Student: 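First the structure, then my questions, so here it is.
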Amino acid sequence: MLIDTFGRVATDLRVSLTDRCNLRCAYCMPPEGLEWLPSDEQLTDDEVVRVVRVAVDLGVDEVRFTGGEPLLRRGLVDIVRRTAQLTPRPHLSLTTNGIGLARTAAALREAGLDRVNVSLDTIDPEKFKTLARRDRLEDVLAGLEAAASAGLTPVKVNAVLMRGLNDDEAVPLLRWCVDHGYQLRFIEQMPLDAQHGWQRTNMVTADEILERLAEAFTLTPLGAEARGSAPAEEWYVDGGPGRVGVIGSVSRPFCGACDRVRLTADGQIRNCLFAREETDLRAALRSGCDDARIADMLKATLLAKRAGHGIDDEGFLQPTRPMSAIGG
Ligand code: SAM
Ligand code: SF4
């Protein structure tokens, strides 16, 4: 088992398949993009599948592929197919900006992908262009439709609100998602932007989002038992079946129930989004280590997991790696 000193067990592995992206969301990256990892520093498809296999042997039952933009990873369908063949078979999901999903959703489903989360922060084309700094809203909407038709359901939509950019979008976005049968989850903006421009005082809080939603909808809580270790608190919208989630990562942290562990595209294990230390699995893999060594490194990294992200602590330091290079 992957257990830490607080008794939390990691069963959810987040695998970043690339740090590259075709959008430049303002809360994530600067307009000019970032210096991408050289390809030889990225884990190969075989290395990724091997680490997932060892993690599954250690009790991981949920694997989420992310990035950067995971649809930019050439071997994605094959990686999904190979991880779907592991025993016991983990639940497989993908977090994507949706660009290119219209072309790949059916193949991903056929390869064994169970679900997708598509990030969409606004349905207003002008706001999309300003926030994501690319005119690609139509591609994202086509990707969402394709995911639903391919059976990658329930299709979840992730949204981050930024003050002055799309903070007036909470109600229209939820109405649109409910009408289309997508489950919307708002995520509080975290200090993980490459620009290090995040300010607590400027963050649109979970309370604020809920206040706005409550003015337009009747929200009925799903209840704590439905939440489990999932970070989203969820509500039925106007009696259901539509629902909405709010992930108050900063103002309502769920670190006490965290069951996640992360693998970056360059083969570093992280026990937290906000970890300040990483374990270099790639070096071990490339020096010919056996599976037992990979397992030991995963276990040791988990043992060192801190109680919480510490964003409110006086000495909090934002990790050097941005979200796009960790894997959200
Ligand atoms: N490119 C894919 C996407 O956008 O879905 C996958 C990677 S992205 C880093 C994963 C998730 O992290 C997205 O839902 C995105 O909105 C979210 N995200 C990125 N930067 C964030 C930040 N600073 N705070 C909160 N969420 C963030
Ligand atoms: Fe790309 Fe996702 Fe970051 Fe947006 S949030 S820039 S889509 S990695």
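These figures come from a predicted structure and were not determined experimentally. Counting starts at 1 for both ligands and their atoms, in listed order.
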Student: Is a donor from one side chain sitting under 3.5 angstrom from an acceptor on the other, for Thr205 and Asp207?
Tutor: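 No pair is found: no donor N or O on one side chain lies under 3.5 Å from an acceptor on the other.
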
Student: Using a strict 4.0 Å cut-off to heavy atoms of Thr66, name the atoms of ligand 1 that fall inside it.
Tutor: 6 (C), 7 (C)

Student: Is any side-chain N of the basic residue among Asp12 and Arg14 closer than 4.0 Å to the acidic one's carboxylate O?
Tutor: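 Salt bridge between Asp12 and Arg14, a charged N being under 4.0 Å from a carboxylate O: yes.
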
Student: What protein heavy atom lies closest to atom 6 (S) of ligand 2? Include the residue and the distance to one decimal.
Tutor: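 Ranked first by proximity to atom 6 (S) of ligand 2 is Cys25 N, 3.3 Å.
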
Student: Is there any N or O on Glu69 that sits under 3.5 Å from an N or O of ligand 1?
Tutor: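 Yes, Glu69 has an N/O under 3.5 Å of an N/O on ligand 1.
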
Student: Inspect the contact between Arg50 and Glu47 and indicate whether a charged nitrogen and a carboxylate oxygen are less than 4.0 angstrom apart.
Tutor: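 So Glu47 does not pair with Arg50 through a salt bridge.
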
Student: Take Arg243 and Leu222 through the test side-chain contact (heavy atoms from CB on, under 4.5 Å) and record every step on the way to the result.
Tutor: CA-CA 9 Å; Arg243 23 159 122 176; Leu222 254 74; 3.6 Å; yes

Student: Looking only at atom types and distance, does a side-chain atom of Trp198 sit under 3.5 Å from a main-chain N or O of Gln189, one as donor and one as acceptor?
Tutor: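 Yes: the side chain of Trp198 pairs with the backbone of Gln189.
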
Student: Taking 4.0 angstrom as the limit and counting only heavy atoms of Asn97, give me the atoms of ligand 1 inside it, by number and element.
Tutor: 2 (C), 3 (C), 5 (O)

Student: So which heavy atom in the protein is nearest atom 20 (N) of ligand 1, and how far is it from that ligand atom?
Tutor: Tyr27 CD1, 3.4 Å

Student: Examine all N, O or S atoms of Cys28, backbone included, and report whether one is under 2.8 Å from atom 4 (Fe) of ligand 2.
Tutor: no

Student: Any side-chain donor-acceptor pair under 3.5 Å between Asn22 and Asn97?
Tutor: yes

Student: Looking only at distance, does Asn117 have an N or O less than 3.5 Å from an N or O of ligand 1?
Tutor: no

Student: Got an N/O contact under 3.5 Å between Met190 and ligand 1?
Tutor: yes

Student: What atoms of ligand 1 come within less than 4.0 Å of a heavy atom belonging to Val160?
Tutor: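 Those of ligand 1 that fall under 4.0 Å from Val160 are 16 (O), 26 (N).
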
Student: As a test of understanding, state which of Thr95, Asn158, Thr96 forms a side-chain hydrogen bond (donor to acceptor under 3.5 Å, both in side chains) with Asn117.
Tutor: Asn158

Student: How far is atom 3 (C) of ligand 1 from the closest protein heavy atom, and which atom is that?
Tutor: Ser119 OG, 3.3 Å

Student: Please name the pair of heavy atoms, one in Ile326 and one in Arg321, separated by the smallest distance, quoted to 0.1 Å.
Tutor: CD1-O, 3.5 Å

Student: Do me a favour and list the nearest non-hydrogen protein atom to atom 27 (C) of ligand 1 with residue, atom name and distance?
Tutor: Met323 CE, 3.6 Å

Student: So, for Arg163 and Asn202, which heavy atoms are closest and what is the spacing to 0.1 Å?
Tutor: NE-O, 3.2 Å

Student: Do any of the N/O/S atoms of Cys21, backbone or side chain, fall under 2.8 Å from atom 1 (Fe) of ligand 2?
Tutor: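 Short answer: yes, at least one N, O or S atom is under the cut-off.
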
Student: Does ligand 1 have any atom that is closer than 4.0 Å to a heavy atom of Pro191?
Tutor: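 Distance cut 4.0 Å: Pro191 fails for ligand 1.
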
Student: Distance under 4.0 Å to a non-hydrogen atom of Gly67: what atoms of ligand 1 satisfy this?
Tutor: 7 (C), 9 (C)

Student: Hey, does Gly68 come in under 3.5 Å of ligand 1, counting only N/O atoms on both sides?
Tutor: yes

Student: Say whether Val77 and Leu72 are linked into one hydrophobic cluster, either directly or through other cluster members, by side-chain heavy-atom distances under 4.5 angstrom.
Tutor: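 Looking at the clustering, Leu72 is in a separate group from Val77.
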
Student: Can an N or O of Ser324 be found at a distance shorter than 3.5 Å from an N or O of ligand 1?
Tutor: no

Student: Can you confirm, on distance only, whether ligand 1 has an N/O atom lying under 3.5 Å from any N/O atom belonging to Gln189?
Tutor: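 So ligand 1 has no N or O lying under 3.5 Å from an N or O of Gln189.
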
Student: Over all heavy atoms of both residues, which pair between Leu23 and Met29 is shortest? Give the atoms and the distance, please.
Tutor: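 Heavy-atom minimum between the residues: O-SD, 4.0 Å.
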
Student: Are the charged groups of Asp45 and Arg73 less than 4.0 angstrom apart, N to O?
Tutor: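 Answer for the salt bridge query: yes.
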
Student: Mind checking whether Thr96 has an N or O less than 3.5 Å away from an N or O of ligand 1?
Tutor: yes

Student: With heavy atoms of Glu188 as the reference, note each atom of ligand 1 found under 4.0 Å away.
Tutor: 24 (N), 25 (C)

Student: With a cut-off of 4.0 Å, which atoms of ligand 1 are near a heavy atom of Asn158?
Tutor: 14 (O)

